[in-house]
Amino acid sequence: MKKLYNLFLLVILLAGSFAAKASSHREAPSIADDPLADNTDLYAFRSPDNPDYITIIANYIPFELPQGGPNYATFGENIRYEIHIDNNISTPGDDIIYRFTFTHTNEDPTTFFNIRLGAQNIKTTYTCERSTDGGVTFTTIISDGMVPPPNIGARSISDPVVGLGTTYAELINSAITPLPGGGRVYCGPADDPFFVDLGGVFDLGDMPRQSGDPHDGVACMNVHVIAIQVPISALQKDGLGADMAANILDPDFVIGVWASASRQTMRTLNTDGTTAYSGEWVQVSRLGMPLTNEAVIPVGQKDYWNSLSPYAEDAALFEYFYNPELGLYMDDALFGGAVPALAPLRIQKASLGAYNFSNGADGLYPLKGSPAVAGTALDDAVFGTLLLPAAGKPRSVDLWPIFFTGAPNLAPYQLATGKDGNPLAAGKPFINNFLPNGGDMLRLNMAVPPTPRTDPAFSTLGLVQAAVLGLTDPTYNATADLQWIPNMDGFPNGRRLEDDVTRIELQAVSGIVLAAIGLWYDDYDPMDIMASPVTPQLLNVLTYETGVGANDVALKDHFPYVQKPWAGDGKCGGLTVDYFAETDCDVPTDLNASAVDPTTEYLSWSAEEGTVYRLEYRTAGGGVITKVPVVANFHTLGGLTACTAYEYRVVVHCPGDGKLTSDWYPFTTDCRLGGILNNALSLFPNPANAVVHAQYVAETNGSMRIKVLDVTGTVYIDQTQKVRAGLNNFDLNVESLTDGMYFVQIKMGDEQTIGKIIISH
């Protein structure tokens with residue numbers, strides 16, 4: 001009974017952690033009932049095509065269906081939508097506020113159509129006001145700004161007689177409004193640029209999915225965007241442009257950005273169907289750092305969190321940053337085994353043989369007040385107890401500054417490059433967005449140059465990728481001097497539309513920031529002078545993927561950068577997206593026990609080249625069904641147990657015919673499967689320029705997965721090979737790889753071995 005209770009408790013814990021992790025889409029119970037006021041995402045970045053300007057994008061109204069008529073979503077009346085900016089560490093509260101309010105007009109109330117004969121219903125306009133005194137007074141800077149209508153379909157938008165007689169691109173361009181003093185604004189519908197596998201997340205953290213196929217849960221969905229592009233000089237506290245910064249990490253160019261929505265306290269429903277609003281304005285939604293209220297704040301306090309200002313945070317909530325719940329599922333001593341999808345993510349418990357950052361541990365607190373932290377950001381004489389407050393708060397040194405203060409350009413918040421093995425020493429600067437006089441906000445250093453989106457070094461991993469380059473790329477790791485490194489302008493230094501924030505934040509919870517500053521993972525031996533800190537545990541974190549790593553449609557290269565909204569008559573207007581074959585609806589007829597080689601983990605059947613099926617397999621007679629998409633007629637099964645009876649079937653989705661499924665067919669794995677991989681791996685020549693010859697020793701028959709990846713986790717070669725017990729040989733063609741250091745990773749079951757190669761042409 002006790003075991004059953006513990007299992008039930010664990011399920012409750014997991015549900016509380018993952019049940020609303022979708023950026024800020026419906027992230028709290030109350031705001032889920034008020035979608036028009038729901039912040040979904042916030043972005044702040046230096047404009048790549050116009051680097052004298054900062055672009056801030058605040059999105060509202062989650063999960064808008066393109067075909068969602070007749071009352072399509074739009075900005076609500078009687079709501080104050082606000083973008084808040086803090087630019088001065090010496091003044092409390094907001095320094096600049098942009099407030100947007102919206103008005104609806106019915107041009108033809110005699111029809112149920114939203115657009116008919118050139119007239120619009122629920123035609124929306126807006127007023128934009130600006131405050132520079134913390135919200136005491138506001139000045140109107142845009143009146144009667146135009147909001148484009150929903151992208152209903154071709155007849156409504158383009159037809160010159162029954163519709164508006166234009167294109168949606170023209171509607172967007174005509175809605176972009178200049179700001180006095182420079183800059184511009186766009187308010188209107190757009191494709192939701194966020195991307196995440198919501199189905200996997202909601203299924204108790206199954207991301208990447210252990211069963212089924214990853215799918216962007218906000219694909220084909222629209223949101224409403226407030227995009228504002230403002231000169232850096234209008235946001236910098238002294239009116240300076242970026243060309244006047246002392247350097248690319250000038251602390252005087254740091255801003256904090258957050259967005260909110262507010263309503264009046266009283267809403268009255270009248271008998272004639274109208275609604276009246278009165279009373280004080282109350283904040284009902286807010287957003288700074290993505291995923292804070294979703295993956296950090298527990299469900300019982302989410303509404304309370306939404307009501308708070310970043311300048312009046314409740315210290316009782318800080319504990320969720322010092323000891324994040326997600327950390328429980330990255331620790332095998334706690335609940336790590338309950339979330340297998342997060343298995344590659346494990347937190348340092350014995351970094352450098354001494355420092356434990358797991359929940360409830362002390363992290364770096366044992367060094368409090370010692371000479372080791374003197375003069376660093378952890379010294380009480382520098383920032384007080386801000387970053388090292390007490391025992392039992394291990395993540396106060398990394399997750400806390402990421403979410404709540406920003407990181408200063410001081411030790412230990414510099415890369416391990418140049419530290420000579422001491423993580424508390426001065427190293428290579430790569431971030432400075434320290435702004436401690438507010439809580440949860442996006443913090444952006446506007447002096448950091450933008451990384452062109454066409455740059456080969458551009459990465460959706462943002463500052464994680466900048467850290468990797470600063471540690472490993474000879475262009476940057478030969479000196480501890482300040483240099484511009486690609487992606488220094490990426491999340492969590494601001495947030496670009498392309499940044500994969502879900503992956504970055506999960507990597508951050510798993511200690512990737514600690515590793516960047518020299519607190520390496522537990523499998524690094526500090527006593528071995530030849531040991532590389534690029535260990536299997538570090539590679540596991542760097543190569544971790546969520547299953548969805550990019551938006552479902554390309555972003556624009558110019559303001560407002562978001563893509564036009566999906567149309568109600570297009571592919572996203574109610575069409576069921578099918579990820580399996582629609583070209584060949586024949587279920588293979590040769591599925592039988594003989595289709596499985598009894599000495600391998602291979603499965604094959606007769607099929608046309610290029611046909612896509614779904615393979616499902618399970619232990620004989622029941623158990624968990626594993627589902628994977630399969631191309632052509634070949635698949636390598638993974639994670640099978642030796643001497644075990646399994647069964648499998650193939651599923652094909654066919655247009656008009658629904659789902660066709662074969663019978664279950666049995667097979668039994670060979671008793672030599674499931675063995676471990678011996679660490680004997682040889683790579684030669686090394687360095688190489690064309691072909692790498694490899695030899696490795698397998699202890700059992702089976703199959704191995706072979707990857708070649710760089711230090712950022714980017715995979716260049718990914719193949720599977722059948723092996724026999726004993727010595728095995730294979731060749732890798734590396735001629736197309738650029739010069740640098742790479743890793744060969746070989747996996748068999750849960751075991752792996754890694755070798756290092758140098759490519760030099």
Side-chain angles (χ1 to χ4, degrees), residues 296 315-336 345-427 431 434 436 467 471 507-529 531 533 535 537-538 541:
V296 179
L317 300 176
F318 295 174
E319 192 64 29
Y320 301 114
F321 299 86
Y322 299 146
N323 288 282
E325 184 183 352
L326 278 169
L328 300 174
Y329 317 126
M330 300 178 188
D331 188 339
D332 292 329
L334 297 171
F335 302 121
L345 304 178
R346 289 298 179 265
I347 300 164
Q348 295 94 319
K349 301 179 71 174
S351 182
L352 304 182
Y355 303 109
N356 186 347
F357 296 94
S358 62
N359 281 29
D362 289 338
L364 293 180
Y365 189 76
L367 299 176
K368 182 82 166 182
S370 71
V373 298
T376 73
L378 308 181
D379 187 345
D380 285 359
V382 178
F383 296 130
T385 61
L386 185 64
L387 301 173
L388 205 59
K393 304 179 188 299
R395 311 311 294 275
S396 63
V397 297
D398 63 327
L399 291 186
W400 177 252
I402 288 173
F403 281 90
F404 252 72
T405 69
N409 182 21
L410 287 174
Y413 300 108
Q414 295 166 334
L415 295 178
T417 299
K419 290 187 174 183
D420 294 326
N422 177 10
L424 297 177
I431 183 173
F434 189 60
L471 290 167
Q507 289 173 319
V509 174
S510 187
I512 196 69
V513 174
L514 299 170
I517 65 175
L519 289 159
W520 306 111
Y521 283 93
D522 295 358
D523 53 345
Y524 169 70
D525 183 0
M527 304 305 295
D528 182 357
I529 61 174
T535 60
Q537 286 187 19
L538 175 56
V541 176

Undergrad: Indicate the ring-plane relationship of Phe335 and Tyr329, choosing parallel, tilted or perpendicular according to the 30° and 60° boundaries.
TA: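 Answer is tilted, since the angle falls between 30° and 60°.
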Undergrad: Taking atom CG of Asp528 as the centre, report whether more than 12 heavy atoms of other residues, nucleotides or ligands fall under 6.0 Å from it.
TA: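 Enclosed.
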Undergrad: Ignoring hydrogens and geometry, is there a side-chain-to-backbone donor-acceptor pair from Ser510 to Gln507 under 3.5 Å?
TA: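 No, because the side chain of Ser510 does not come within donor-acceptor range (under 3.5 Å) of the backbone of Gln507.
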Undergrad: Can you tell me how far apart CG (Leu424) and OG (Ser370) are? Round to the nearest 0.5 Å.
TA: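 Leu424 CG to Ser370 OG: 7.5 Å, rounded to 0.5 Å.
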Undergrad: side-chain contact (heavy atoms from CB on, under 4.5 Å) between Val296 and Glu325: does it pass, once the steps are laid out?
TA: CA-CA 7 Å; Val296 179; Glu325 184 183 352; over 6 Å; no
Undergrad: Find out whether Leu386 and Thr405 are in side-chain contact, i.e. whether some heavy atom of one side chain is under 4.5 Å from a heavy atom of the other.
TA: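 Of all side-chain heavy-atom pairs linking Thr405 with Leu386, at least one is under 4.5 Å.
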Undergrad: Restricting to non-hydrogen atoms, name the atom on Gly392 and the atom on Asp362 that form the minimum distance, rounded to 0.1 Å.
TA: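 The pair with the smallest heavy-atom distance is N-OD1, 2.8 Å.
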Undergrad: Just verifying a value: how many Å separate Ile517 CD1 and Ile512 CD1, rounded to the nearest 0.5 Å?
TA: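 Here the interatomic distance stands at 11.5 Å.
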Undergrad: Please report the interatomic distance CG(Leu471) to OG1(Thr417), rounded to the nearest 0.5 Å.
TA: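 It comes to 4.5 Å.
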Undergrad: Find the distance between CG (Asp522) and CZ (Phe357) and round it off to the nearest 0.5 Å.
TA: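 One finds 10.0 Å between CG of Asp522 and CZ of Phe357.
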Undergrad: Are any non-hydrogen side-chain atoms of Thr376 and Leu410 less than 4.5 angstrom apart?
TA: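 In short, these two side chains do not touch, never coming nearer than 4.5 Å.
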Undergrad: Could you tell me whether the side chain of Tyr521 reaches within less than 4.5 Å of the side chain of Val541, counting heavy atoms only?
TA: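 Heavy-atom side-chain distance check passes, below 4.5 Å.
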Undergrad: Are any non-hydrogen side-chain atoms of Asp380 and Thr385 less than 4.5 angstrom apart?
TA: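 In contact.
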Undergrad: Search all heavy atoms of Asp379 against all heavy atoms of Val373 and return the closest pair with its distance.
TA: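 Nearest pair, atom of Asp379 first, then Val373: CB-O, 3.3 Å.
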Undergrad: Please assess Thr535 against Trp520 for the test side-chain contact (heavy atoms from CB on, under 4.5 Å), listing each intermediate value before the final yes or no.
TA: CA-CA 9 Å; Thr535 60; Trp520 306 111; over 6 Å; no
Undergrad: Between Tyr413 and Leu387, is the side-chain contact (heavy atoms from CB on, under 4.5 Å) condition met? List the steps.
TA: CA-CA 11 Å; Tyr413 300 108; Leu387 301 173; 3.8 Å; yes
Undergrad: Of all heavy-atom pairs between Leu538 and Pro533, which one has the smallest distance, and what is that distance?
TA: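 Looks like CD2-O, 3.4 Å.
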Undergrad: Please name the pair of heavy atoms, one in Met330 and one in Leu345, separated by the smallest distance, quoted to 0.1 Å.
TA: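 In terms of heavy atoms, the two residues are closest at CB-O, 3.2 Å.
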Undergrad: Suppose the criterion is salt bridge (Lys or Arg N to Asp or Glu O under 4.0 Å): which pairs have a residue in residues 389-410, not counting sequence neighbours?
TA: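 Passing the test, one end in residues 389-410: Glu319-Lys393, Arg395-Asp398.
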Undergrad: Is the shortest heavy-atom distance from the side chain of Tyr355 to the side chain of Leu367 under 4.5 Å?
TA: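 Touching, per the 4.5 Å side-chain cut-off.
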Undergrad: Would you confirm whether Lys419, through its side chain, and Pro412, through its main-chain N or O, come within 3.5 Å as a donor-acceptor pair?
TA: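 Answer holds: yes.
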Undergrad: Which heavy atom of Ser396 sits nearest to which heavy atom of Pro401, and what is that distance?
TA: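 What the structure gives for the nearest pair is O-CD, 3.3 Å.
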Undergrad: May I ask you to decide if the ring planes of Phe318 and Tyr322 are parallel, tilted or perpendicular, using 30° and 60° as cut-offs?
TA: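 Ring orientation of Phe318 relative to Tyr322: perpendicular.
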Undergrad: Any side-chain heavy atom of Val397 sitting closer than 4.5 Å to one from Leu514?
TA: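 With C-beta onward as the side chain, the pair touches.
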Undergrad: Please examine the side chains of Leu352 and Tyr524, heavy atoms only from C-beta on, and report whether any two atoms are closer than 4.5 Å.
TA: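 Answer yes - side chains close enough.
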Undergrad: State the CD1-CG distance between Ile347 and Leu328, to the nearest 0.5 angstrom.
TA: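 The CD1 atom of Ile347 sits 8.5 Å away from the CG atom of Leu328.
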Undergrad: Do you know which two heavy atoms are closest between Phe383 and Pro408, and how far apart they sit?
TA: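 That would be CE1-CG, 3.9 Å.
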Undergrad: Looking at Asp331 and Lys349, does any basic side-chain N land under 4.0 Å from a carboxylate oxygen?
TA: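 Yes, this pair counts.
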Undergrad: Assess the side chains of Asn356 and Gln348: does a donor N or O sit below 3.5 Å from an acceptor N or O?
TA: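 Note: Asn356 and Gln348 side chains miss the donor-acceptor criterion.
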